[in-house]
Colleague: 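Sharing a structure here in structure tokens format.
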Amino acid sequence: GLTYGETYTYRVRAYTQINHSGYSNEKSAETTFPAPTNLMATAIDDQTIRLTWTDNCTFETGYRIERKTGSGSFVQIAEVATNTISYEESGLTEYIDYTYRVRAFTFLNQSAYSNEKAVSIPGTVTDIDGNIYKTIKIGTQIWMAENLKVTHYRNGDAIPNVTDDTQWGDLTTEAYCNYDNDANNATTYGRLYNWYAVSDSRNIAPTGWHVPSDAEWQTLVDYLGGDAVAGGKMKEAGTMHWNSPNTGATNESGFSALPGGYRSIIGQYNYVGYVGFWLSATEYSSSSAWYRHLSYYYSDVGRYGNYKQDGFSVRCVRD
């Protein structure tokens, strides 16, 4: 019946009916109530978030789960039984920031809280060709979580598919291509576009979306901790698509970046599986534009200016 987190100091002495001994040495101990750790929150569909945590206690009665929405206050949403290590909440809304914390309890006390974990429900957007893309809220922005694969502008005009190497390099107008001129690659990695395609006033992005500016890319990178570490948080984890070692890849942002490679100004295809390149809508010079770069070997985000004729992947951000 003691209080969690208090330090108690003890001493002992013997006694008879007439006398008592001196005291023993004193000994102190603090009551401990191990808190749950490693709380994780994952959106498993368009309405449901699953929580998991590590149970560090052997005597708890159960766990209390609290949640706050946006910048609001935490409220208890559930109480689960002893030895439980997961919980699912459904009926949630896409793009809302939900933050969770968990603590163990007994009939007399309760532990400290676990770490807090924030997550939002992803959504989808559909382009004019009927392609459906997963989307994710990261900070204050909502991004596509897949590379663009559209072949028409928003008004229905076709974007030319240029396969010839020489013609590709000579272009000063819009074009797209599939890596290695193989349409099967677009299924996984999306298509590659030159800068003229993404800057065209007919709009390559779905309605309500646009190709991000260089400044909008930097907003994303800064939110994820800056150039040196954001790449790891953006890359799909593992080596299913990225070559080993895929340094630092956790995909904790949900951006799910893939290494779609690029097509150079001379028409050559390079680096699929090794590097991902993403265009911005911002010019670097009259002949070049800003783009972002993620590598299998590093966890940083590269920012460079390159030829407008180069073919890079595209992600869109919501207006």
Side-chain angles (χ1 to χ4, degrees), residues 123-136 138 141-164 167-179 181-183 185-220 234 255-258 260-265 267 269 272 276-284 286-294 303-319:
T124 60
V125 63
T126 305
D127 68 26
I128 193 169
D129 292 339
N131 300 304
I132 300 173
Y133 304 89
K134 297 176 183 177
T135 62
I136 187 71
I138 307 174
Q141 300 172 309
I142 298 174
W143 287 83
M144 283 183 173
E146 301 176 69
N147 290 342
L148 194 68
K149 58 186 72 171
V150 72
T151 60
H152 293 81
Y153 286 111
R154 196 182 293 177
N155 67 356
D157 289 350
I159 306 168
N161 178 15
V162 176
T163 58
D164 181 78
Q167 183 184 358
W168 178 268
D170 290 340
L171 286 171
T172 55
T173 56
E174 75 280 0
Y176 82 87
C177 60
N178 302 306
Y179 192 92
N181 294 326
D182 183 352
N185 284 320
T187 302
T188 301
Y189 297 107
R191 295 189 160 91
L192 304 175
Y193 303 86
N194 66 16
W195 186 82
Y196 302 105
V198 304
S199 63
D200 194 286
S201 62
R202 289 170 289 182
N203 289 311
I204 198 171
T207 301
W209 294 71
H210 62 276
V211 177
S213 66
D214 180 61
E216 287 175 308
W217 274 109
Q218 194 60 46
T219 296
L220 171 65
M234 294 166 65
F255 190 83
S256 302
L258 294 179
Y262 86 111
R263 191 180 191 184
S264 73
I265 193 173
Y269 293 97
V272 72
F277 304 82
W278 289 269
L279 275 168
S280 81
T282 305
E283 287 183 292
Y284 174 74
S286 60
S287 61
S288 60
W290 288 110
Y291 73 93
R292 301 296 164 134
H293 157 286
L294 300 177
R303 174 178 178 260
Y304 305 98
N306 233 53
Y307 294 114
K308 293 179 178 179
Q309 289 89 344
D310 286 337
F312 294 149
S313 299
V314 171
R315 290 290 181 97
C316 298
V317 66
R318 197 165 76 166
D319 295 349

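Side chains are part of it too, since the values below use all heavy atoms of this structure and drop only hydrogens, waters and symmetry mates. Please read these numbers as outputs of a predicted model, since none were measured by experiment.
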Colleague: Within a strict 4.5 Å, meaning less than it, do heavy atoms of the F312 and L192 side chains meet?
Modeller: no

Colleague: Looking only at heavy atoms, which two atoms of W209 and D319 are closest? And how far apart?
Modeller: C-OD1, 3.2 Å

Colleague: Ring-plane angle category for Y304 and H293, please: parallel below 30°, perpendicular beyond 60°, tilted otherwise.
Modeller: perpendicular

Colleague: Check for a donor-acceptor pair, side chain of N147 on one end and backbone N or O of S313 on the other, with a separation under 3.5 Å.
Modeller: no

Colleague: Does T124 reach the main-chain N or O of Y133 with its side chain, forming a donor-acceptor pair under 3.5 Å?
Modeller: no

Colleague: Report the C-alpha separation of R292 and L220 in whole Å, then their side-chain angles, then the decisive distance to 0.1 Å, and conclude whether the side-chain contact (heavy atoms from CB on, under 4.5 Å) test is met.
Modeller: CA-CA 11 Å; R292 301 296 164 134; L220 171 65; over 6 Å; no

Colleague: Kindly compute the distance separating CH2 (W168) from SG (C177), expressed to the nearest 0.5 Å.
Modeller: 3.5 Å

Colleague: Is a donor on one side and an acceptor on the other found under 3.5 Å between the side chain of Q309 and the backbone of D170?
Modeller: no

Colleague: Determine the interplanar angle of the W278 and F255 rings, folded into 0 to 90°, and report it as parallel if under 30°, tilted if 30 to 60°, perpendicular if over 60°.
Modeller: perpendicular

Colleague: Would you find a donor on one side and an acceptor on the other, under 3.5 Å apart, between the side chain of S280 and the backbone of W290?
Modeller: yes

Colleague: Grab the two heavy atoms, one from S256 and one from A145, that are nearest each other, plus how far apart they are.
Modeller: CB-O, 3.7 Å

Colleague: Do NZ/NE/NH1/NH2 and the carboxylate oxygens of D127 and K149 come within less than 4.0 Å?
Modeller: no

Colleague: Can you name the closest pair of heavy atoms from Y269 and N181 and give their distance?
Modeller: OH-OD1, 2.7 Å

Colleague: Report the distance from atom OH of Y176 to atom CD1 of I204, rounding to the nearest 0.5 Å.
Modeller: 10.5 Å

Colleague: Can a donor-acceptor pair be found, under 3.5 Å and without considering hydrogens, that links the side chain of D129 to the backbone of N131?
Modeller: no

Colleague: Could R315 and E146 be called an ion pair, given the rule that one side-chain N must be under 4.0 Å from one carboxylate O?
Modeller: no

Colleague: Search all heavy atoms of L294 against all heavy atoms of M234 and return the closest pair with its distance.
Modeller: CD1-CB, 4.2 Å

Colleague: Should V272 and Y189 be marked as a side-chain contact (heavy atoms from CB on, under 4.5 Å) after you check the CA-CA gap, both sets of side-chain angles, and the distance that decides it?
Modeller: CA-CA 9 Å; V272 72; Y189 297 107; 3.9 Å; yes

Colleague: Mind checking whether H210 and R318 have side chains closer than 4.5 Å, heavy atoms only?
Modeller: no

Colleague: Can any side-chain N or O of E216 pair as donor or acceptor with the backbone N or O of S213 at less than 3.5 Å?
Modeller: yes

Colleague: Taking everything shown except Y284 itself, do over 12 heavy atoms lie less than 6.0 Å from its OH?
Modeller: no

Colleague: Just so I know, are the side chains of V211 and V314 near enough to count as touching, which here means a heavy-atom distance under 4.5 Å?
Modeller: yes

Colleague: What distance separates T188 OG1 from Y179 OH, expressed to the nearest 0.5 Å?
Modeller: 13.5 Å

Colleague: Which value, rounded to the nearest 0.5 Å, describes the distance between W195 atom CH2 and L171 atom CG?
Modeller: 14.5 Å

Colleague: What is the minimum heavy-atom distance between R154 and T207, and which atoms define it?
Modeller: CD-OG1, 3.4 Å

Colleague: So, do I136 and I142 sit near enough that their side-chain heavy atoms are less than 4.5 Å apart?
Modeller: no

Colleague: Any idea how Y291 and F277 line up, ring-wise: parallel (<30°), tilted (30 to 60°), or perpendicular (>60°)?
Modeller: tilted

Colleague: Any non-hydrogen side-chain atom of P160 less than 4.5 Å from a side-chain atom of E174?
Modeller: yes

Colleague: Between N306 and S288, is there a side-chain heavy-atom distance shorter than 4.5 Å?
Modeller: no

Colleague: Could you walk me through whether N178 and R191 pass side-chain hydrogen bond (donor to acceptor under 3.5 Å, both in side chains), step by step?
Modeller: CA-CA 5 Å; N178 302 306; R191 295 189 160 91; 2.8 Å; yes

Colleague: Please tell me if the side chains of N203 and Y153 come closer than 4.5 Å, counting only heavy atoms from C-beta onward.
Modeller: no

Colleague: If you look at every heavy atom in I159 and A197, which pair is closest and at what distance?
Modeller: CG2-CB, 4.5 Å

Colleague: Report yes if some heavy atom in the side chain of M144 is under 4.5 Å from a heavy atom in the side chain of V125; otherwise report no.
Modeller: yes

Colleague: Rounded to the nearest 0.5 Å, what separation is found between the NZ atom of K308 and the CD atom of E283?
Modeller: 3.5 Å

Colleague: Working to the nearest 0.5 Å, report the span between OG1 of T163 and CG of D182.
Modeller: 12.5 Å

